Amino acid sequence: MEFLIFCIFGGLSVVFAVMMIMSKKPVTCALSLVMVMFCLAVLFAVQNAHLIAILQVLVYAGAIMVLFMFVIMLLNLREKEGSASHPKGVAQMFGGAAALSSLAAVVTMTRGPGIPAQLVSDHFGSTAEVGRILFTSYLLPFEIASVLLLAALVGAVALVKIRMR
Amino acid sequence: MIMMNNYLLLSAALFVIGAVGVLIRRNLIVVMMCIELMLNAANLNFITFANYHHKMSGHVFVFMVIAVAAAEAAVGLAVALALFRNRETVDVDEVDSMKG
């Protein structure tokens, strides 16, 4: 059952990722990326990361991609690039294939550990459990992340608002 | 039961697709979307290792990655807007004034 879900949604995510880097229209790219994120959210949920799956849909596919769509519509670009027929593109495809095969070789040579967690704990990956870890062991990174978000917010507004000459 | 290596292979494939996208695309917005794809591939790795090692730290790291990705997207898109306002383009090949 899990293998079936993995095959369907893993395959779909690869297909949509390829569609994203091949498509000429930025809006198609953004929507393909949203689909990749949905597929990955399913894979997260299958792997007992329920809170992260919800966050993936809410924050990534929701907030971040809406920001991308807004900017795409705001700029209203006339697409004139030949994205994949770019002259250097072929060499980079080969580089990508080489990188993928070396990564795949490393992964297949490594032996994975034992059983997944659903056989061990009942509330693994639940909101309460993630929250407990987040506010005990990882309290300092959590606070730093909040400061980072505030700085990014102020920086983004300043970048767009202040007219550079 | 499904092996951990399958998830790692999928993650490697998505990461490489994102990297190739960064290299072959010239639209700055699409390049940033490819970076988001690479971050997502890394997140899949975190979740897989967390699941198979029975440790929940990976979930916290994914949480942090999502927060940093949100910050990065906001600032990056602001830079793209400022760039478009000044140069009338978001083509990364045309923005080469800092090239040595």
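Fair warning: this is a prediction, and the values are worked out from it, not measured in the lab. Naming: A, B, ... by sequence-line order, numbering from 1 per chain.
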So, taking the atom named [atom1] in [X] and the one named [atom2] in [Y], what distance separates them when rounded to the nearest 0.5 Å?
X	Y	atom1	atom2	answer
Leu33(A)	Met32(B)	CG	CE	11.0 Å
Ile29(B)	Phe68(A)	CD1	CZ	7.5 Å
Asn43(B)	Tyr60(A)	CG	OH	5.5 Å
Cys39(A)	Leu44(B)	SG	CG	11.5 Å
Asn27(B)	Cys29(A)	CG	SG	7.5 Å
Leu75(A)	Leu77(B)	CG	CG	9.0 Å

With respect to chain B, which residue among [options] yields the maximal number of heavy-atom pairs within a distance under 4.5 Å?
options	result
Ile52(A), Val157(A), Leu74(A)	Ile52(A)
Ala145(A), Gly155(A), Pro141(A)	Pro141(A)
Leu103(A), Ile144(A), Leu153(A)	Leu103(A)

Between [X] and chain B, which part of the residue has a heavy atom less than 4.5 Å away: side chain, backbone, both or neither?
X	answer
Val71(A)	side chain
Ala63(A)	neither
Leu40(A)	side chain
Phe142(A)	both
Val59(A)	side chain
Leu51(A)	neither
Ala151(A)	neither
Val18(A)	both
Met1(A)	neither

At a heavy-atom separation under 4.5 Å, does [X] approach chain A through its side chain, its backbone, both, or neither?
X	result
Phe46(B)	neither
Leu14(B)	side chain
Glu36(B)	both
Met64(B)	side chain
Ala19(B)	neither

Completion exercise
Per-residue tally against chain A (heavy atom, under 4.5 Å) across Ile17(B), Val62(B), Val90(B), Leu8(B) peaks at Ile17(B)
Exercise for the section: Select all residues of residues 4-11 of chain A having any heavy atom within less than 4.5 Å of some heavy atom of chain B, and report them by number, or 'none'. Expected result: Phe6(A), Gly10(A)
Practice task
Please confirm whether His59(B) and Tyr138(A) have ring centers closer than 6.0 angstrom.
Solution key: no
Exercise for the section: Could you give me the CA-CA distance, side-chain angles and deciding distance for Ile47(B) and Gln56(A), then say whether side chain to side chain contact (heavy atoms under 4.5 Å, CB included) is met? Expected result: CA-CA 12 Å; Ile47(B) 294 293; Gln56(A) 171 93 355; over 6 Å; no
So which heavy atom on [X] is nearest to which on [Y], and how close?
X	Y	result
Ala73(B)	Ile64(A)	CB-CG2, 3.8 Å
Ile21(A)	Cys34(B)	CG2-SG, 3.9 Å
Ser13(A)	Leu10(B)	OG-CD1, 3.8 Å

Exercise for the section: Return yes when atom CD1 of Ile54(A) has more than 12 non-hydrogen atoms of other residues, nucleotides or ligands closer than 6.0 Å, and no otherwise. Expected result: no
Exercise for the section: Test side chain to side chain contact (heavy atoms under 4.5 Å, CB included) on Phe63(B) and Val130(A) and set out the steps. Expected result: CA-CA 9 Å; Phe63(B) 189 86; Val130(A) 176; 5.5 Å; no
Practice task
For Phe84(B), check ring-ring contact (aromatic ring centres under 6.0 Å, His included) against everything at least two apart and list the hits.
Solution key: none
